[in-house]
Chemist: 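Got a structure here, written out as structure tokens. Questions coming.
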Amino acid sequence: MTEIPKNYDIKPTEEKWTEFWEEKKVYHANVRPDRKKYSIVIPPPNVTGILHIGHILNNTIQDLYARWKRMQGYEVCWVPGMDHAGIATQMMVEKDLASKGIKKEDVGREEFIKLAWEWKEKHGGHILKQLRKLGASVDWSKERFTMDEGLSKAVNEVFVDLYKKGLIYRGERITNWDPESMTTVSDDETFYKEKHDKLYYIKYFLKDSDEYVTIATTRPETMFVDVAVAVNPHDERYAKFVGKTVILPLANKEIPVIADEYVDKEFGTGVLKITPAHDINDFEVGKRHNLPVMSVVTKDSTLNKYGMEFEGLNIFKARKQVAEKLEQLGHIEKVEDYAHNVMYSEKSKAMIEPILSEQWFVSMKKLAEPAIKVVEEGRIKFYPEMWTKTYYHWMRNVRDWCISRQLWWGHQIPVWYHNETGEVYCDVKPPEDPENWTQDSDVLDTWFSSWLWPFSVFGWQNSEKDANNKELHYFYPTDLLVTASDIIYLWVARMIIAGLEYMKDIPFKDVYFNSLVRDGEGRKMSKTLGNSPDPLDVMDKYGTDALRFTLIYLAPLGNDVLYDEKKTEIGRNFVTKLWNAGRFLMMNYQKILGSSEYGSEPLDNDIVEKWIDSRFNSTLKDINTNLNDYRLNDYTKAMYSFVWSDFCDWYIELLKIRLDDNKDSAVSIIEKAMGIYENILKMLHPVIPFVTEELWHLLKDGRENKSISVQEFPEIAVEKIDPIIEDEFQNIINIVTSIRNLRSENNIVFTTKCNVIMHTDEDKIKFLDTYGDLISKMCNVDLSYSTSHDEPGNSISNVISGFVIYLLLEGVVDSEKQKEKYVKEIEKLESYLKGIDSKLTNTKFVENAPPEIIARERDKKKDTEDKLEKLRSKVT
RNA sequence: GGGCGGUUAGCUCAGUUGGUUAGAGCGCUACGUUGACAUCGUAGAGGUCAUUGGUUCGACUCCAUUACCGCCCACCA
């Protein structure tokens, strides 16, 4: 039989099992109609991504459930994969090219996409290799990529279908134009920074009148294409002007005065110029009032012909000159310094110019309705539940989704325009005479492929073939989605919509929003801050299990996790403890089997075994509840405290004594212990797979080709949960602790044997008859007891419920110090008793409180009075 | 500005339908290598549960208020 080595050699062990699991295809999932399935799709990480602590937490949670369910006999399918990450990938390739002094336009679109694929093959997907190291029990044969042929087909099918249903349309929209790199950029590629500008107060005169309104603007150069002046409908100052017309200075154009809620009465003058082409909010206002849209700023940030004499000028020059001209004409009321937030491009650091462009949109309102309903009805559950509020808030105010991106890397929009007629053609198949058509140059938002992920990964095709797709129908809908709450809009909501629209069923049953991992100071982990420890380093240093355990232990449902590397010690120490407990059991097991002095007589009616059975089963009950409720940290905490406190501190410590005292039953005792230990390994396997697999193999010969991950999860024996036994055992614990406390207070080391006398009542004598021996061995004392109340001389004592414990001392006892201790204790108990009495004498309490609460108070009162009486006798 | 959370021991956090002498880990103090574990053991110190009010026989727990902190969304002419 193998021995358990002194130290757990982490790295080679983890590598060994990673390889074993893959080689033996332990985690391959098949369609097995005879079994219940459990499926999870991974939130596809960016192909450009590298593993950070957040991923570790996210994937550990998924793995935990995959392993737990697998051990419960489910056919578990966990699908891995990656996202093509349009912007991020394109930027990587552009960067590569830039380092050689090449622009993407130089190589052309087709070649660029080829380079992107090459980049993906060469550098992409590190993150999945890293997930292997984490022990993620995914089915690698099912790995998917959002730009795979099948998934791309799904994207096209959905686009065309929505287009034909009229749910995809083309429209104008303000986009962020980066005049430096001459592209539009998404909101995520921008940042806001404070900029100091001038705020110009400009008079707009009413038509045929000396009356005027003053508008405040930072951008007078755009005023040529103002289409209205707006005031708040509740603003009495301007009510009389609404519906009238003002003359736009310089352009000399008539524009209406309109009323719109958007206008803030308090800001500036309370009058706003509406320039739909150059401001997103103005655009919305313009749409509400059916106002025309005209642009004056071009893509290279100069004014066009609407700028009249200022045509061709850069916006900053134009701003200055327009202001001067207005001043000359007497239109400027005043100019103020003004600091405001301005949007910049992450990429080029240039100021963003909002410009109008043609984009593709998904009309969301109608699609959102059923998606709201499935959450309202509880068919999809969110954990923690509070995120439903965020979900409803967004879904009930859902805006149309702009899905076109001005990029090359991604799914190119399946729309072609006729070169002569401009006719629009949209289909999954390109037009038959391609030379006459030009395909839309935009690609789709990356999320347009991700929202199909829960069914596209199983080969969904939007065709009759789906009816025969057994895998799709077996594994869909999935059971659990684990993701971060910040993509509840971007991803979760949209998957629900797509699932309902295309599978006619929800995409997942439970959604778990994992905690955000922050650093020790509560800051978000980020590359730029450099505060994110590399998980691979941590895994090397402490072990993968240690990191997994620690993160789950620290991550309560719904709160952020403050993590720093040092905290990984929690997990590492726990793994070490588990290892050593196993080692101790094995050493004894081998000793017992190898010697004839031990027998295998069954041991019956043993309180220690009854107690550990009770604790074991109640722990098992708790962790099942915790896991069902997604209270993962409670699961690890329950295991931690059971293993460390109950199993190691008490059960194993007692085992040492019991094996000596019951040599005839030693085999039965040690086998019982090993059985519980083996169950502990199974219960911990979902969170710490490597060390439990290793120990499980070391525990018994003949397991070479098996894995603990497909063993049965322990079943609860509820009838073994016994509160009376636990109470009785607690008495032993209390007595032992109290004796240790007396030793400790008087600096008597454990190796010094001493004498203890206990006094108790008639009814507790039997208890001491039974356990006195055990207690004395645990405390290294000679124990005697009686029902006497005479205080032995030269002793110190503790009073606990039902017992007075005297520790006899050799030398002189410091009676003053003793008294002090008792007086303090008496004071504490008296105030406690006062609290109880005030309740019990309160007639309202006695009338209203439930009887069991009153009974409990009376018990506490009696117990406290009893203790007090004994203590008082010592100080008088 | 809108929405959603949080505030419990020096630190990080539990405390699940209101009834415990409010718990854990780390840190701290004292002692200790007794047959697995110093990545350990034993014992101990440490909290008016952010504020103010309310509901209740009873509030860390429910309601309201204030203060501070955080997240998401929108970004103001």
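Convention: sequence-line order gives letters A, B, ...; per-chain numbering from 1.
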Chemist: Where do A:Phe549 and A:Phe574 land on the ring pair (Phe, Tyr, Trp, His ring centres under 6.0 Å) test, with the steps shown first?
Modeler: CA-CA 9 Å; A:Phe549 187 89; A:Phe574 181 65; 4.6 Å; yes
Chemist: Measure from CD1 on A:Ile570 to C1' on B:rC26 and round the result to the nearest Å.
Modeler: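 Distance, rounded to whole Å: 7 Å.
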Chemist: Around A:Glu852, counting heavy atoms of other residues, nucleotides and ligands shown, do more than 12 lie under 6.0 Å from its CD?
Modeler: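 Check passes, neighbour count above 12.
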Chemist: Closest approach of A:Ile255 and A:Asp226, non-hydrogen atoms and distance?
Modeler: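 That would be CG2-O, 3.6 Å.
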Chemist: Assess whether a salt bridge exists between A:Lys839 and A:Glu857, defined as any Lys/Arg side-chain N lying under 4.0 Å from an Asp/Glu carboxylate O.
Modeler: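 The answer is yes: the pair qualifies as a salt bridge.
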Chemist: Please compare A:Pro850 and A:Thr390 by the position of their nearest nucleotide in RNA chain B and report the one closer to 5'.
Modeler: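 With A:Pro850 and A:Thr390 compared, the 5'-side residue is A:Thr390.
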Chemist: Answer yes or no for A:Lys637 and A:Tyr553: cation-pi contact, defined as NZ/CZ to six-membered ring centre under 6.0 Å and angle to ring axis within 45°.
Modeler: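 Yes, A:Lys637 sits over the ring of A:Tyr553.
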Chemist: Using a cutoff of under 3.5 Å, can you pull out all pairs of nitrogen or oxygen atoms linking the protein to nucleotides 32-35 of chain B, with atom names and distances?
Modeler:
from: B:rG35; atom 1: O6; to: A:Lys656; atom 2: O; distance (Å): 3.2
from: B:rG35; atom 1: N1; to: A:Lys656; atom 2: O; distance (Å): 3.3
from: B:rG35; atom 1: N1; to: A:Asp660; atom 2: OD2; distance (Å): 3.0
from: B:rG35; atom 1: N2; to: A:Asp660; atom 2: OD1; distance (Å): 3.3

Chemist: Any residue in residues 853-866 of chain A with a heavy atom nearer than 4.0 angstrom to RNA chain B? Just list them by number, or reply none.
Modeler: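 Nucleic-acid contacts, sorted: A:Ile853, A:Arg856, A:Lys860.
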Chemist: How far apart are the closest heavy atoms of A:Thr222 and A:Thr275, and which atoms are they?
Modeler: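 Answer, listing the atom of A:Thr222 first, then A:Thr275: O-CG2, 3.6 Å.
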Chemist: Would A:Lys567 and A:Tyr542 count as a cation-pi pair here, with the cationic atom under 6.0 angstrom from the ring centre and within 45° of the axis?
Modeler: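 No, cation not above the ring by the 6.0 Å, 45° rule.
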Chemist: Ignoring backbone atoms, test whether A:Lys389 places a side-chain nitrogen or oxygen under 4.0 Å from the OP1 or OP2 oxygen of B:rC72.
Modeler: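 False: A:Lys389 side-chain N/O out of range (4.0 Å or more) of B:rC72 OP1/OP2.
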Chemist: What do the steps show when you test A:Glu825 against A:Lys867 for salt bridge (Lys or Arg N to Asp or Glu O under 4.0 Å), and what is the final call?
Modeler: CA-CA 10 Å; A:Glu825 181 74 14; A:Lys867 274 193 212 166; 5.8 Å; no
Chemist: Restricting to nitrogen or oxygen on both sides, can you table the protein-nucleotides 39-46 of chain B pairs closer than 3.5 Å?
Modeler:
from: B:rU39; atom 1: O4'; to: A:Arg572; atom 2: NH2; distance (Å): 3.3
from: B:rU39; atom 1: O4'; to: A:Asn573; atom 2: OD1; distance (Å): 3.3
from: B:rU39; atom 1: O2; to: A:Thr576; atom 2: OG1; distance (Å): 2.4
from: B:rC40; atom 1: OP1; to: A:Asn573; atom 2: ND2; distance (Å): 3.0
from: B:rC40; atom 1: O3'; to: A:Lys577; atom 2: NZ; distance (Å): 3.4
from: B:rG41; atom 1: OP1; to: A:Lys577; atom 2: NZ; distance (Å): 3.2
from: B:rG41; atom 1: OP1; to: A:Trp644; atom 2: NE1; distance (Å): 2.4
from: B:rA43; atom 1: O3'; to: A:Asn741; atom 2: ND2; distance (Å): 3.3
from: B:rA43; atom 1: O2'; to: A:Ser744; atom 2: OG; distance (Å): 3.4
from: B:rG44; atom 1: OP1; to: A:Asn741; atom 2: ND2; distance (Å): 3.3

Chemist: In terms of relative ring orientation, are A:Phe513 and A:Trp387 parallel, tilted or perpendicular, with 30° and 60° separating the classes?
Modeler: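 Judged by the thresholds at 30° and 60°, the geometry between A:Phe513 and A:Trp387 is tilted.
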